[in-house]
Amino acid sequence: MPELPEVETTRRGLAPALEGAKIIRVIKRRDKIRILIPDDFEKRIEGRKVANIKRRAKYLQIYLDSDDVIICHLGMSGKFIVKKNDNEPFAKHDHIIFQTDSDDMVIYNDPRRFGLMTICHSSELEQHKLFRDMAAEPLGNEFNGEYLLEKLATRKTPIKTCLLDQKTVVGLGNIYVCEALNMTKISPTKMANEISAHEAEELVSAIRNILGRAIDAGGSSLKDFARTDGDLGYFQHQFAIYGREGEACRNDGCGGTVGRINQGGRSTFYCPECQK
DNA sequence: ATGATGTCCTGGGCGC
DNA sequence: TGCGCCCAGGACATCA
């Protein structure tokens, strides 16, 4: 379940194979992942050089020298594999393949097909419907206590649900929201509009801290991205609360037991003892 | 307008 | 062992 750190790690892993390379061939093995891949997708990419790769929220943006931008979301189970062309048959769920002039194969593999791949002109990117309503980047300067507090002030929904909303802040998924709430000892069921200015500041710090550490951890695994089949493991991070139902809460001196509730059809892991 | 719910999809884990 | 059931979840669509 790629959240911001995994997407950022993927961006850094793809850069050496793609930036500056010419994409000589695009193979589309199905017309649709989560949404339709445009009919002219291959035509707009083949023969173009990759200028650079950026990330916005959980999206990758691959800029081409034609000023077109490939937009990619990994969904739940999407990943990129980089390897030299070995003429092996494609694996199950290899949906889209980019072949470069250095004979690299950059393969998008996504078993659950919750991912997305499309293309648009760079001049239309900001107003693209995927991006236009997005909130600030959690690691950018715009995101601070004041910003978050203002976003939360009008929301009559649990803070857990609100932090998952990409209109509040982008890049967070179920795991990192649970972690941030546990770190700040805030109950996931507390209403967003009841979060104090102090709590908002604490949340911002926690979110920056946990995302930063996860990106660092991903960076240390980058060598694996280029090695062997280039498959990047997403689940190497150590989480304090996520998936630890029944275990002791790891917050200092807490002594509580990790519980699990359902919010909006998603599991929330939290400590009923210290998260108030 | 906002919040709540449904939807897409497959693999893995579990119970019987 | 094998079958069927349920769960995981990002973000959009749709409904109230």
Side-chain angles (χ1 to χ4, degrees), chain A residues 1-11 29-38 55-61 71-81 90-96 107-118 120 127-138 150-181 188-195 207 211 214 231 233-237 239 241-246 258-270:
Chain A
M1 45 214 79
E3 302 184 27
L4 185 150
E6 291 78 20
V7 179
E8 178 60 25
T9 301
T10 300
R11 187 190 71 76
R29 299 187 66 227
R30 52 187 316 131
D31 293 332
K32 181 187 161 186
I33 312 173
R34 202 179 88 78
I35 62 170
L36 203 67
I37 303 161
R55 178 192 56 75
R56 172 77 170 109
K58 299 174 195 171
Y59 288 86
L60 292 171
Q61 301 171 330
I71 301 167
C72 174
H73 193 292
L74 302 174
M76 269 281 297
S77 57
K79 60 179 175 288
F80 278 98
I81 295 157
F90 294 120
K92 198 173 181 183
H93 311 305
D94 284 351
H95 303 312
I96 297 167
I107 300 168
Y108 179 70
N109 178 287
D110 185 0
R112 294 183 202 176
R113 305 211 295 268
F114 270 33
L116 167 165
M117 190 90 67
T118 189
C120 89
Q127 281 310 306
H128 194 288
K129 65 176 198 168
L130 291 171
F131 299 107
R132 67 187 171 209
D133 297 323
M134 272 184 180
E137 286 289 325
E150 191 186 320
K151 290 285 188 189
L152 301 181
T154 58
R155 304 294 303 277
K156 295 181 173 54
T157 189
I159 183 65
K160 158 75 190 308
T161 313
C162 200
L163 287 174
L164 280 175
D165 187 340
Q166 304 296 298
K167 294 187 187 69
T168 305
V169 59
V170 301
L172 300 180
N174 205 34
I175 294 172
Y176 292 111
V177 168
C178 290
E179 296 294 319
L181 289 171
T189 60
K190 186 165 185 167
M191 286 296 137
N193 61 2
E194 291 170 2
I195 295 290
I207 288 166
L211 293 180
D231 196 346
Y234 289 127
F235 301 97
Q236 60 217 309
H237 309 305
F239 303 119
I241 193 90
Y242 186 85
R244 296 194 183 277
E245 184 182 14
V258 178
R260 173 184 181 144
I261 55 174
N262 190 293
Q263 293 180 287
R266 304 286 179 253
S267 283
T268 300
F269 295 89
Y270 76 114

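Numbered from 1 within each chain, the chains take letters A, B, ... in sequence-line order.
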**OP:** Name the residue closer to the 5' end of DNA chain B, choosing between A:Lys92 and A:Arg34 according to the nucleotide with the nearest heavy atom.
**Re:** A:Arg34

Subject >> Set of residues satisfying side-chain contact (heavy atoms from CB on, under 4.5 Å) with respect to A:Arg266, sequence neighbours excluded >> reply: A:Lys160, A:Asn174

Original post:
When the C1' atoms of the five terminal pairs at each end define the local axes, what inter-axis angle does the helix from B:dT2-C:dA16 to B:dC16-C:dG2 show, to 10 degrees?
Top reply: 50°

**OP:** Name all residues meeting the side-chain contact (heavy atoms from CB on, under 4.5 Å) criterion together with A:Lys167; count only those two or more places apart in sequence or in a different chain, and write none if there are none.
**Re:** A:Asp133, A:Asp165

Original post:
Hey, what do you get for CD1 (A:Ile71) to CG (A:Leu60), rounding to the nearest 0.5 Å?
Top reply: 11.0 Å

**OP:** Just jot down the ring-ring contact (aromatic ring centres under 6.0 Å, His included) partners of A:Tyr59, sequence neighbours excluded, or say none.
**Re:** A:His73, A:Phe131

**OP:** Walk along DNA chain B from 5' to 3' and tell me the first and last nucleotide with an atom closer than 4.0 Å to a non-hydrogen atom of chain A.
**Re:** B:dG3 to B:dG11

Original post:
Which residue, A:Thr268, A:Thr161, A:Thr157, A:Thr189, forms the side chain to side chain donor-acceptor pair (under 3.5 Å) with A:Gln263?
Top reply: A:Thr268

Original post:
Does the base of C:dG10 carry an N or O that pairs as donor and acceptor with the side chain of A:Arg112 under 3.5 Å?
Top reply: no

**OP:** Using only side-chain N and O atoms of A:His73, determine if any of them is under 4.0 Å from OP1 or OP2 of C:dA11.
**Re:** yes

Subject >> Upstream residue (5' side of DNA chain B) when A:Arg266 and A:Thr157 are each assigned their closest nucleotide >> reply: A:Thr157

Original post:
Base, sugar-phosphate alone, or nothing: which one does A:Thr161 contact when heavy atoms must sit under 4.0 Å apart?
Top reply: nothing

Subject >> Residues which pass side-chain contact (heavy atoms from CB on, under 4.5 Å) with A:Arg113, listed by chain and number, not counting sequence neighbours >> reply: A:Arg30, A:Ile33, A:His95

**OP:** Report the distance from atom CE of A:Met134 to atom C1' of C:dC12, rounded to the nearest whole Å.
**Re:** 12 Å

Original post:
Should the pair A:Arg56-A:Glu137 be classified as a salt bridge under the 4.0 Å nitrogen-to-oxygen rule?
Top reply: yes

Original post:
Base, sugar-phosphate, or nothing: which does A:Arg260 touch, judged by heavy atoms less than 4.0 Å apart?
Top reply: sugar-phosphate

